Chemist: 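Here you go, one structure.
All figures in this text were calculated on a predicted structure; none of them were measured in a lab.
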Amino acid sequence: MRTVAMHTPLPPQEPRPPSGGAMQPSGPNDDSAAYVKARPPGATDPWSAQGRRATQHLLEVREIDAPTEVAEALGAQRVVVRRRLMLFDDIPVELTDSYYPLAVASGTALAQERKVRGGAPTLLAGLGYVAHEVFEDVSARPVSEAEANTLALPADSPALVLVRVTRDDKGRPFEMSHMVMRPEGRHLRYRWIVE
């Protein structure tokens, strides 16, 4: 028997009442399926699609020697990295570094220091890289000093770390993302199909 993680859309999060009783909007969209599937023509990326409450800043785009973990996951020694700071209600909530093999990203908008219209999965799908298998690893650890400064957290605050590797139907890994998240307000949701 084989267990396969199927990232299929889940119903939208409903507002949750806090202990005081007044309804508050839910936190960021943490449904993984939204972040690995191509968007409809003309649609914005899934983070920005949450409205004015969700914004992002592109911190860096460049070609680098792949860190060991990235090289092992992608089977590539040189990669393009896109580093972003995600904000929700103007609060920095996540640092996201996405890595792409040069064979995938070179000469595309992924290698340019600008937002990718519709998000990276939409561009990748147009290049023939459609998510088929997604592996995620979630852990918790204290933030580093640099992460604490960027996320406006006290030193040694806990963070969620999510590492995602996406492969196509030929088994080729074409994207690895490393996310460091403030834990409050996050709700990681999964649906499983066991074969």
Chemist: Let me see the working for M181 and V93 under side-chain contact (heavy atoms from CB on, under 4.5 Å), right down to the final yes or no.
Modeler: CA-CA 6 Å; M181 310 175 187; V93 295; over 6 Å; no
Chemist: Spell out, as yes or no, whether a donor-acceptor pair under 3.5 Å connects the side chain of E72 to the backbone of E69.
Modeler: no
Chemist: Closest approach of L58 and E113, non-hydrogen atoms and distance?
Modeler: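 Nearest heavy atoms, L58 then E113: CD2-C, 3.7 Å.
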Chemist: Would you say the side chain of M176 lies within less than 4.5 Å of the side chain of V163, judging by non-hydrogen atoms?
Modeler: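 With C-beta onward as the side chain, the pair touches.
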Chemist: Using the rule given for side-chain contact (heavy atoms from CB on, under 4.5 Å), can you reason through I64 versus Y99, listing the C-alpha separation, both sets of side-chain angles and the distance that settles it, and then say yes or no?
Modeler: CA-CA 10 Å; I64 62 169; Y99 300 89; 3.9 Å; yes
Chemist: If you apply the rule side-chain contact (heavy atoms from CB on, under 4.5 Å), what do you find for D65 with Q77, and how did you get there?
Modeler: CA-CA 6 Å; D65 290 329; Q77 298 303 312; over 6 Å; no
Chemist: Looking at P158 and P183, what are the two nearest heavy atoms and their distance?
Modeler: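 Smallest interatomic distance, heavy atoms only, reads O-CD, 3.3 Å.
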Chemist: In plain terms, say whether K170 and E133 are close enough for a salt bridge, that is, a side-chain N and a carboxylate O under 4.0 Å apart.
Modeler: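 Salt bridge absent between K170 and E133.
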Chemist: Within a strict 4.5 Å, meaning less than it, do heavy atoms of the R84 and H57 side chains meet?
Modeler: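 Side chain of R84 against side chain of H57, heavy atoms only: no contact under 4.5 Å found.
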Chemist: Determine, using the 4.5 Å side-chain heavy-atom cutoff (strictly less than), whether L102 and V70 are members of one ILVMFWY cluster.
Modeler: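 L102 and V70: separate clusters.
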Chemist: Kindly say whether L151 contributes a backbone atom to a donor-acceptor pair with the side chain of R182 at under 3.5 angstrom?
Modeler: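 At least one qualifying donor-acceptor pair exists.
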Chemist: Show the numbers, then the answer: is there a side-chain contact (heavy atoms from CB on, under 4.5 Å) between L162 and R164?
Modeler: CA-CA 6 Å; L162 190 154; R164 177 187 299 138; 3.9 Å; yes
Chemist: To the nearest 0.5 Å, tell me how far R141 CZ sits from S139 OG.
Modeler: 7.0 Å
Chemist: Does A105 offer a backbone N or O that forms a donor-acceptor pair with the side chain of T108 under 3.5 Å?
Modeler: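 A pair under 3.5 Å: yes.
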Chemist: Who are the ring pair (Phe, Tyr, Trp, His ring centres under 6.0 Å) partners of F174, not counting sequence neighbours?
Modeler: Y129
Chemist: Determine whether V165 and V81 fall in the same hydrophobic cluster, where Ile, Leu, Val, Met, Phe, Trp and Tyr are linked whenever their side-chain heavy atoms lie under 4.5 Å apart.
Modeler: yes
Chemist: Out of curiosity, E94 CD to T150 OG1, how far, rounded to the nearest 0.5 Å?
Modeler: 13.0 Å
Chemist: Nearest 0.5 Å, what's the CG-CG distance between L59 and D97?
Modeler: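 If we round to the nearest 0.5 Å, L59:CG and D97:CG are 8.5 Å apart.
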Chemist: Indicate the atoms forming the closest heavy-atom contact of T96 with S98, along with that distance.
Modeler: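 Heavy-atom minimum between the residues: CG2-OG, 3.9 Å.
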Chemist: Does R82 use its side chain to pair, donor to acceptor, with the backbone of R114 at less than 3.5 Å?
Modeler: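 Here the side-chain-to-backbone pair exists.
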Chemist: Between atom CD of Q56 and atom CG of L85, what is the distance when rounded to the nearest 0.5 Å?
Modeler: 9.5 Å
Chemist: What heavy-atom pair brings R186 and L160 nearest, and what distance separates the two atoms?
Modeler: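 Between these two residues, the closest heavy atoms are CB-CD1, 4.3 Å.
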Chemist: Are E175 and S177 side-chain neighbours, meaning at least one heavy-atom pair lies under 4.5 Å?
Modeler: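 Side chain of E175 against side chain of S177, heavy atoms only: contact under 4.5 Å found.
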Chemist: Can you name the side chain to side chain contact (heavy atoms under 4.5 Å, CB included) partners of S157, sequence neighbours left out?
Modeler: V143, L153, P154
Chemist: Could you state the interatomic distance from CG (L127) to CG (L123), rounded to the nearest 0.5 Å?
Modeler: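 Answer for the CG-CG pair, L127 versus L123, is 4.5 Å.
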Chemist: For the atom pair CZ (R172) and CG (L74), what is the distance rounded to the nearest 0.5 Å?
Modeler: 13.0 Å
Chemist: Closest approach of R167 and A73, non-hydrogen atoms and distance?
Modeler: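 Distance-wise, the nearest heavy atoms are NH2-O, 4.2 Å.
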